[in-house]
Amino acid sequence: MKKHLLKLSSLLMAVALLNIQLMAKPIALAAISENEINSIANFDESEIYAAFSEIETLETLVKNSEYSYNEVREMNNELISNISVSSAIALSSSENTPPIFGAFLWGCLFNWVGMLIVGLTTDFDNQQITKSFWGCLISTLLFGGGTGCSFYYGYL
């Protein structure tokens, strides 16, 4: 009887999840106003090209002269006042990130060892260690809960 109830509840949860996903799209689309839709549809690309005009002048200066970028930077030219040489990942809150993948996954996959790796590679950055801690906690709860359930239901 328990197996049938478990299967039925799993099926009902799967159907509910599917229905929630199907209902979410019309609700999200209804929240967007006509003005927002028109502003997106009538986007002017000249704003993007205007933003790169300063970089294009710097590029032509470096290409057409004997100066390198480092020499132009040493001359304190106003062309490089708003330009950063270092690249950053979009939406990254800090430049000090662990290698290969994010701190959350390090904590999730390798538990406390992953937290130690994140700490050592980020010079013990509190934000990264917190992300790693949450990954460690979630993986511990999932795997521990799954193991506990399998032992509990395995012995019945």
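Values below: every heavy atom of this structure, side chains too, minus hydrogens, waters and symmetry copies.
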Heavy-atom nearest pair, A103 first then P98, reads N-CG, 3.7 Å

Rounded at 0.5 Å granularity, tell me how far CG in L116 sits from CG in L120. 4.5 Å

Single-linkage hydrophobic cluster L109~I117, side-chain heavy atoms < 4.5 angstrom: yes

Evaluation steps, side-chain contact (heavy atoms from CB on, under 4.5 Å), between N111 and T140: CA-CA 8 Å; N111 219 329; T140 301; 3.5 Å; yes

Within one Ile-Leu-Val-Met-Phe-Trp-Tyr cluster: V113 and I100, side-chain cutoff 4.5 Å: yes

Locate the shortest heavy-atom distance separating F104 from W134; write the atom from each residue and the value. CE1-C, 3.8 Å

If you take all heavy atoms of G107 and S139, which pair is closest and at what distance? O-OG, 3.9 Å

Please find the pair of heavy atoms, one from I129 and one from V118, that lie closest to each other, and give the distance. N-CG1, 4.3 Å

Taking all atoms of both residues into account, what is the closest heavy-atom pair of F101 and F110, and its distance? CZ-CE1, 4.1 Å

With no hydrogens and no angle check, is any side-chain donor or acceptor of S132 less than 3.5 Å from a backbone partner on Q128? no

Going through the checks in order, is the side-chain contact (heavy atoms from CB on, under 4.5 Å) test met by F133 and M115? CA-CA 7 Å; F133 170 75; M115 287 182 64; 3.9 Å; yes

Verify the cluster assignment for V15 and L12: are they in a single hydrophobic cluster under the rule of side-chain heavy atoms below 4.5 Å apart? no

Hey, what do you get for CG (L105) to NZ (K131), rounding to the nearest 0.5 Å? 11.0 Å

Distance col, row T130:OG1 vs L137:CG, nearest 0.5 angstrom, shows 12.0 Å

